[in-house]
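Take a look at the structure below.
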There are 2 protein chains.
Amino acid sequence: MQQPQKKYRVGVEVTLDVIGGKWKSVILYHLVEGKKRFNELRRLIPNISHKMLTQQLRELERDGIVLRRDYEEVPPKVEYELSEYGGGLIGVLDFFCHWGEAHLDRVYGDKSLMLEENFGGSGAEEGSE
Amino acid sequence: MQQPQKKYRVGVEVTLDVIGGKWKSVILYHLVEGKKRFNELRRLIPNISHKMLTQQLRELERDGIVLRRDYEEVPPKVEYELSEYGGGLIGVLDFFCHWGEAHLDRVYGDKSLMLEENFGGSGAEEGSE
DNA sequence: CTGCATCCCCGATGATACTG
DNA sequence: CAGTATCATCGGGGATGCAG
């Protein structure tokens, strides 16, 4: 979805470009729960790199899916949230989550075996607010 | 979705692995219309390479999304179609198509400018049948 | 804390050739 | 016509460093 010159043959391709990246929908999935700060998202998606998160957020922002609010303070504080337009994708994200779990269940018989355990259960929360 | 060892954090990731590839959903989109032969799909998706189509179809088949029927004749004749299980994705595929077109409209004001024109209009059809 | 640029590697993808 | 294998390439994405 970078260059307006890009041509598509079917609407499906467009949608995949917007939310189909390796991380896009995972980011959106977490934003459905509410506003999230940059590092908050990094903790929620431990496998994503700093660079990727920035990049994907930029694209989602450019496409109008998420809103970026910069509090312009020091230290920097930025929050990301689903835009109203992006809210139209919640239904699909929910379906994805549900379908994916059911698929694991169908294929392996026990989805719980496939989902990684929680990573930050050690109470490393920071109450900077 | 190759190795059963792969771990996921959220169902969303699973779904994206199954239908989120660059071509998966486009292939499925065309299969919604009905059975399609291999080269028929190649014509419908002119930008996909022979190898990619084969590979993606194999994965979709392995995941139970599409059914492969080999007529075992010469010349070879193979048809692909959406499985009953894969049919559960039609709703999403339809949504993707619709949402994608609306998105182009929203972003550029005229989606028709973005969709490539049909590719085989030069009458180069071969009536081998 | 958040963001941007650079370098670099590896895997995804395409081109080609060969088989049934 | 359909499938497989091999090789070359391109770009996605990770690691790192610097800036505000």
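Letters A, B, ... mirror the listed sequences (proteins, then strands); counts begin at 1.
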B:R68 side-chain N/O to D:dG3 phosphate OP1/OP2 under 4.0 Å: yes
Distance in angstrom units between B:R69 CZ and D:dA2 P, rounded: 14 Å
Whether over 12 other heavy atoms sit under 6.0 Å from B:E84 CD: no
Atom-pair distance (CG on A:L41; C1' on C:dC1), nearest Å: 13 Å
Length of the line joining B:L53:CG and D:dC1:C1', which is rounded to integer Å: 13 Å
Contact pattern, 5' to 3', of nucleotides 14-20 of chain C - B, S or - by protein heavy atom under 4.0 Å: BB----B
Distance, rounded to the nearest Å, where A:L60 contributes CG and C:dG3 contributes P: 13 Å
Rounded distance in Å - NZ (B:K36) to P (D:dA2): 13 Å
Touch class at under 4.0 angstrom, heavy-atom based, for B:Y71 against every strand present: nothing
Separation of atom CG in A:D70 from atom P in C:dG3, rounded to whole Å: 7 Å
Phosphate OP1/OP2 of D:dG3 contacted by B:Y80 side-chain N/O (<4.0 Å): yes
Within 6.0 Å of CZ in A:R58, more than 12 heavy atoms from elsewhere: yes
A:Y80 six-ring centre to A:K36 NZ/CZ under 6.0 Å and within 45° of normal: no
Ring-ring centroid check A:H103 B:Y85, cutoff 6.0 Å: yes
Contact under 4.0 Å: B:R37 side-chain N or O vs D:dA2 OP1/OP2: yes
Between C:dT2 (P) and A:Q55 (CD): distance, integer Å: 18 Å
Spacing of B:N39 atom CG relative to D:dA2 atom P, expressed in whole Å: 4 Å
Nearest heavy atoms of A:V14 and B:G100, plus distance in Å: CG1-O, 3.6 Å
Distance below 4.0 Å between A:R58 side-chain N/O and C:dG3 OP1 or OP2: yes
Derivation of the side chain to side chain donor-acceptor pair (under 3.5 Å) call for A:E13 and B:Y29: CA-CA 10 Å; A:E13 296 179 48; B:Y29 170 77; over 6 Å; no
B:F96 ring center near A:Y8 ring center (under 6.0 Å): no
